[in-house]
Amino acid sequence: MTTNSAVTHIECRACGESYELDLTTYPCQECGGILDPQYDLAAVNVDRAEVANRSGSMWRYRELLPIRDADAVVSLGEGNTPLVECPRVADRLGVNRLLVKDEGQNPTNTFKDRGQATAVSAAVEHGAETIALPSAGNAGQSASAYAARAGIDCHVFLNHQSGRVKRDLVRAHGGHLHLVDGKITDAASAFSNACEENDWYSVATFQTPFRHEGKKTMGYELFEALDWSTPDEIVYPTGGGVGLIGIWKAYHELLELGWLDGEIPRLTVAQSDGAAPIVEAINEQRAVHEPWESPDSIARGVEIPDPGASPWILEAVTGSDGTGVAVSDEAAIDAAIEMARADGVEMCVTSSIAMAGAVARADEGAYDGDETVVVINTGAGCKTAETLGERANP
Ligand SMILES: Cc1ncc(COP(=O)(O)O)c(C=O)c1O
Ligand SMILES: [Zn+2]
């Protein structure tokens, strides 16, 4: 059975090389650039009303996803997450509406499930038997869940600082856990070395062309949940920038499809002040980041010193009239606790970098009271409950 996907081919963002959809060796064989699936959007044979009438997961948008064989789709019901109104924190920020896209309500409690559902579906479509990736934790947990669902093997490379919940659940899903000393860059090197000796199918960030594709659905869902309109600003906790780029791509496709007739919302990159290469590049108006030597943040998901997709992230920020904001770990934990107490939403420490980013934007007078601001809660509070509990005053 077909998904009726309008995907046509894969293109390298750096050198423009075009590849067939049966490509399985990533990234670009010519130049190492990021691969991006392309669509014939004129061939999409559904409209937004028809999609809205469908029930279920993010696969309601299957015509705009890169999987062609419906039987290859590996799903645990990911996506279709709520957009939660947060009136008390909205008052605190001085905005008209504060909405939290609650990605914590995904099968393994983060937005990573959208990317892994898509990447693992592609692995199944390609006949892969073993997938592998380096991760800060959440993507590894997610990949091992989807691999289990698909009945294939999964190797996850984490650094020793990755959180307990993620390590335990990788093991629970039967994933092969490789725990590496050092930072995420060391886990990535160990992964690369192991790939040379093993015939693994990569589901690593921006090696696979499919993770940002899955995360695109956050943008579609936001548009749908706001009755086919856009918020003024979206604040996103940015590490590798996969989700931010996905959202940027989604709004472009919505424009090209003629489903959106208006402006793309401002995309605001929130980072930890201990690892802020993108915010630094924004402030210095550069088109590419400078790597950070010694990243240091309790928010492991955004403790990324050398995000390879920075030109694309920066294009999204500039093209949407967005901005960047760096916040301290303390501000992030305070923001998570304020949100948990005032409006009841649970955020993990990494996603609360975005919440603290919105607070910092409000404090610097960026909002005038009329705005609708969306914060992407990329992961649930249960992921880092211990840290939040330790810091919460009675
Ligand atoms: C909870 C959470 N939020 C945000 C991120 C950063 O994601 P991205 O690569 O899309 O910037 C991660 C990455 O590990 C994460 O786990
Ligand atoms: Zn290339």
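What's counted below: heavy atoms across the whole structure, side chains too, no hydrogens, waters or symmetry copies. Residue numbers count from 1 along this sequence. Both ligands and their constituent atoms are indexed starting at 1 by order of listing.
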**Item:** Trace of the side-chain contact (heavy atoms from CB on, under 4.5 Å) decision for Val156 with Leu133
**Value:** CA-CA 5 Å; Val156 180; Leu133 76 166; 4.0 Å; yes

**Message:** Looking only at protein heavy atoms, which one is nearest to atom 6 (C) of ligand 1, and what is the separation?
**Reply:** Gly301 O, 3.5 Å

**Asked** Are any non-hydrogen side-chain atoms of His289 and Glu280 less than 4.5 angstrom apart?
**Response** no

**Message:** Please classify the Val242 to ligand 1 contact at 4.0 Å (heavy-atom distances, strictly less than): side chain, backbone, both or neither.
**Reply:** both

**Asked** Below 3.5 angstrom, do we get any N/O pair linking Gly241 and ligand 1?
**Response** yes

**Message:** Does the plane of the ring in Tyr26 sit parallel, tilted or perpendicular to the ring in His126? Use 30° and 60° as the thresholds.
**Reply:** tilted

**Item:** Part of Lys112 within contact of ligand 1 (heavy atoms, under 4.0 Å)
**Value:** side chain

**Request:** Report yes if the side chains of Leu314 and Pro311 come closer than 4.5 Å at any heavy-atom pair, otherwise no.
**Result:** no

**Asked** Do Trp259 and Phe223 make the cut of ring centroids closer than 6.0 angstrom?
**Response** no

**Message:** Check Lys249 with Glu213, please: is the shortest side-chain N to carboxylate O separation under 4.0 Å?
**Reply:** yes

**Prompt:** Got an N/O contact under 3.5 Å between Tyr236 and ligand 1?
**Reply:** yes

**Prompt:** For Gly243 and ligand 1, does the shortest N/O to N/O distance drop below 3.5 Å?
**Reply:** yes

**Item:** From Glu78, Glu103, His212, residue fulfilling side-chain hydrogen bond (donor to acceptor under 3.5 Å, both in side chains) relative to Arg114
**Value:** Glu103

**Contact atoms of ligand 1, heavy-atom distance to Asn138 under 4.0 Å** = 1 (C), 15 (C), 16 (O)

**Prompt:** Taking side chain as C-beta onward, heavy atoms only, is Arg361 less than 4.5 Å from Val235?
**Reply:** no

**Complete:** Candidates Asn377, Val269, Thr384, Thr378; heavy atom nearest atom 2 (C) of ligand 1 found on Thr378

**Message:** For ligand 1, which is the ligand I care about here, please tell me if Gly240 has any N or O atom under 3.5 Å from one of the ligand's N or O atoms.
**Reply:** yes

**Prompt:** For ligand 1, is there an N or O atom under 3.5 Å from any N or O atom of Phe111?
**Reply:** no

**Item:** Interfacing atoms of ligand 1 (cut-off 4.0 Å, heavy-atom, Pro237)
**Value:** 4 (C), 6 (C), 11 (O)

**Prompt:** Touching ligand 1 at all, Ser351? Heavy atoms, strictly under 4.0 Å?
**Reply:** no

**Request:** Heavy-atom contacts with Thr238 under 4.0 Å: which atoms of ligand 1 show up? List them by number with element.
**Result:** 11 (O)

**Prompt:** Does any N or O in the side chain of Ser135 come within less than 3.5 Å of the main-chain N or O of Gly140, such that one atom is a donor and the other an acceptor?
**Reply:** yes

**Fill in**
The SG(Cys31)-the Zn ion (ligand 2)-SG(Cys12) angle, to 10°, is 100°

